[in-house]
Engineer: 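Below: one structure in structure tokens.
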Amino acid sequence: MSEKRRIIFHVAMDHFFTAVEEREHPQYKGKPVIVGADPKKGKGFVSTCSYEARNFGVRSGMSISKAWKLCPKAIYLPVNYELYTKVSDEIMDILRKHADKFEQLDIAEAFLDVTSKVKDHAEAEALARQMKREIYERERLTCSISIGPSKLVAKIASDFKKPNGLTVVKEEEAKGFLAPLPVHKLISIGRETEQKLKSIGIKTIGHLANYDPNVLTQVLGSWGTLLYLMALGIDSSEVGEKSQTKSISREITFEKGMSNFEFIQKALDRLSEEVHRDILRQNLFFKTVTVRFRYENLGTRTHSKTLFYVTNRLQDLKKMAKELMRVYLRSDNKVRLVGVKVSNFISTEKQKH
DNA sequence: TCTGGGGTCCTAGGACCC
DNA sequence: TCTGGGGTCCTAGGACCC
């Protein structure tokens with residue numbers, strides 16, 4: 001008996017933040033809209049931009065000052081997370097009810113396993129269209145859906161037709177579909193790995209798929225094998241709800257390097273308070289505290305300490321952060337960034353047992 | 001080219017236990 | 001005391017993602 005082929009959807013809302021803003025303010029439609037940091041302050045990033053803004057060369061992730069240079073006439077808006085989260089929750093509810101298994105990736109993206117809901121690709125396409133229709137009717141927003149045999153293929157395919165796109169890649173087409181694409185399209189291949197692969201002559205996913213996996217392992221360590229499988233389109237990872245929170249952190253970058261001990265201490269206190277609020281909200285108890293310093297000349301250092309008990313108390317967090325700072329902070333170098341992180345959680349759920 | 005901030009996962013050595 | 005092997009936890013750093 002052969003395993004039933006999986007049918008996986010990747011759903012991505014089209015330029016989500018600006019689309020919501022345009023819906024709320026119809027007068028913005030057809031104009032370049034940029035959601036992100038305040039360009040007057042010159043610091044920070046473009047979070048999302050409309051297609052009209054993209055025509056000026058603006059991209060998400062770009063520094064806001066660069067966006068300002070490219071398109072000073074654009075409508076610049078701050079990020080209204082509360083609103084976007086509310087809209088996102090509604091959309092995710094629509095998607096969830098069509099899926100056997102559901103996994104939200106971020107505020108605007110999700111994976112669905114719909115294997116038992118459809119009997120072939122024609123039905124899968126019809127389902128995708130129906131979902132698009134429901135989302136549009138309820139929220140007046142469009143999305144792009146890609147259908148694939150795995151999360152890997154569906155996610156990569158979602159770049160192909162945007163906005164309001166629908167892309168299908170069948171299992172037998174997966175290898176050929178991936179082959180001509182550059183390796184960085186594979187998730188977890190960034191700058192570093194791309195360079196390493198380039199140095200042994202690998203530029204496309206097809207090159208990777210035809211390479212000797214032994215050599216890949218020598219160059220990249222144990223996950224060379226994993227990459228090789230990905231290049232062949234093989235990905236058996238399941239669609240599933242996100243696992244529990246592993247860490248909570250806050251950090252802040254100063255305008256200039258600081259050496260004033262008290263100033264840094266105060267910043268750490270404030271960050272600890274913010275982290276603590278999150279801990280209470282999520283009902284978590286932590287064991288490990290990490291502080292992070294970015295120095296002007298030394299790069300970034302992290303220092304952590306693990307308690308032999310769990311706690312959720314602000315005073316414990318502040319005390320540990322302060323201790324780590326006392327022991328490790330280099331007084332001979334100016335600090336550009338400080339951060340506080342807690343991890344090693346025990347949830348209250350588990351504690352009941 | 002390092003612009004910010006929030007995460008996840010992996011590696012590797014050392015401590016410690018059996 | 002170091003002879004092996006295996007496992008887990010702690011700490012630090014790095015790559016990568018959105």
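Heavy-atom basis, side chains included; hydrogens, waters and symmetry copies ignored. Residue numbering restarts at 1 for every chain, and letters A, B, ... go by the order of the sequence lines.
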Engineer: Remember a base hit wins even if backbone is also touched, and classify A:I64 as base, sugar-phosphate or nothing at under 4.0 Å, heavy atoms.
Structural biologist: nothing

Engineer: What's the closest nucleotide to the side chain of A:T306 if the choices are B:dG5, C:dA12, C:dT11?
Structural biologist: C:dT11

Engineer: If you compare every side-chain N and O of A:S249 against the phosphate oxygens of B:dG7 (OP1, OP2), does one of them come in below 4.0 Å?
Structural biologist: yes

Engineer: Counting only Watson-Crick pairs (N1-N3 plus N6-O4 or O6-N4) and G-U wobbles (N1-O2, O6-N3), all under 3.5 Å, who is the partner of B:dC18?
Structural biologist: C:dG5

Engineer: From C-beta outward on A:E192, which listed nucleotide comes closest to its side chain: B:dG5, C:dA15, B:dT1?
Structural biologist: C:dA15

Engineer: Quick one: is C:dC18 close enough that its OP1 or OP2 comes under 4.0 Å of any side-chain N or O from A:K155?
Structural biologist: yes

Engineer: A side-chain contact here means heavy atoms from C-beta on lying under 4.5 Å apart; do A:N333 and A:E296 qualify?
Structural biologist: yes

Engineer: Whole angstrom is fine here: how far is it from CZ in A:R336 over to P in B:dT3?
Structural biologist: 7 Å

Engineer: How is A:K66 classified with respect to the nucleic acid when contacts are heavy atoms under 4.0 Å: base, sugar-phosphate, or nothing?
Structural biologist: nothing

Engineer: Looking at B:dC9, I'd like to know if its phosphate oxygens (OP1 or OP2) sit under 4.0 Å from a side-chain N or O belonging to A:S188.
Structural biologist: no

Engineer: From CD of A:Q104 over to C1' of B:dT8, roughly how many Å is that when rounded to an integer?
Structural biologist: 17 Å

Engineer: In whole angstrom, what separates A:R292's CZ from B:dG4's C1'?
Structural biologist: 11 Å

Engineer: Between C1' on B:dG4 and OH on A:Y81, what's the gap in Å once rounded to a whole number?
Structural biologist: 11 Å

Engineer: Using heavy-atom distances to pick each residue's nearest nucleotide on DNA chain C, tell me which of A:R301 and A:K287 is more 5'.
Structural biologist: A:K287

Engineer: Can you confirm whether A:H276 sits close enough to A:E273 that some side-chain heavy atom of one is under 4.5 Å from a side-chain heavy atom of the other?
Structural biologist: no

Engineer: Hey, which of these two, A:S247 or A:L337, hits DNA chain B nearer its 5' end, going by closest nucleotide?
Structural biologist: A:L337

Engineer: Could you tell me whether A:F308 contacts a base, only the sugar-phosphate backbone, or nothing, with contacts defined as non-hydrogen atoms closer than 4.0 Å?
Structural biologist: nothing

Engineer: With rounding to the closest Å, how many angstrom separate the P atoms on C:dA12 and B:dG4?
Structural biologist: 26 Å

Engineer: A:E134 pairs by side chain to side chain donor-acceptor pair (under 3.5 Å) with which of A:K132, A:R138, A:Q130?
Structural biologist: A:Q130

Engineer: Looking at B:dT8, C:dT11, B:dG5, which one has an atom nearest to any side-chain atom of A:S304?
Structural biologist: C:dT11

Engineer: Using the C1' atom on both, measure C:dG14 against B:dC2 and round to a whole Å.
Structural biologist: 16 Å

Engineer: Report the distance from atom NZ of A:K256 to atom P of B:dT3, rounded to the nearest whole Å.
Structural biologist: 17 Å

Engineer: Here's one to test your reading of the geometry: is the NZ or CZ of A:R54 within 45 degrees of the ring axis of A:Y51 and under 6.0 Å from its centre?
Structural biologist: yes

Engineer: What is the separation between atom CZ on A:R191 and atom C1' on B:dC2, rounded to the nearest whole Å?
Structural biologist: 11 Å

Engineer: Nearest-Å distance, OH (A:Y328) to P (C:dG13)?
Structural biologist: 10 Å

Engineer: So, for A:V168 and A:E173, which heavy atoms are closest and what is the spacing to 0.1 Å?
Structural biologist: O-OE1, 4.0 Å

Engineer: Could you label the plane-to-plane angle of the A:Y81 and A:Y84 rings as parallel, tilted or perpendicular, counting under 30° as parallel and over 60° as perpendicular?
Structural biologist: perpendicular

Engineer: Within the 4.0 Å heavy-atom criterion, would you say A:I107 contacts the bases, only the backbone, or no part of the nucleic acid?
Structural biologist: nothing

Engineer: OP1, OP2 of C:dA12 versus side-chain N and O of A:H303: anything below 4.0 Å?
Structural biologist: yes

Engineer: Out of B:dG6, B:dC9, B:dT3, which nucleotide sits closest to the side chain of A:R250?
Structural biologist: B:dG6

Engineer: Measure the shortest side-chain to side-chain distance between A:F16 and A:I107 over non-hydrogen atoms and say whether it is less than 4.5 angstrom.
Structural biologist: yes

Engineer: The side chain of A:D278 lies closest to which of these nucleotides: B:dG7, C:dC10, B:dG5?
Structural biologist: B:dG7

Engineer: Can you measure A:E323 atom CD to C:dT11 atom P for me and round it to whole angstrom units?
Structural biologist: 12 Å

Engineer: Which one, C:dC10, C:dA12, C:dC18, comes nearest to the side chain of A:T302?
Structural biologist: C:dA12

Engineer: Considering Watson-Crick and G-U wobble pairs with both distances under 3.5 Å, what does B:dT11 pair with?
Structural biologist: C:dA12

Engineer: Taking only side-chain nitrogens and oxygens of A:K246, does any of them come within less than 4.0 Å of OP1 or OP2 of B:dC9?
Structural biologist: yes

Engineer: From the set B:dG7, C:dA15, B:dT8, return the single nucleotide nearest to any side-chain atom of A:T193.
Structural biologist: C:dA15

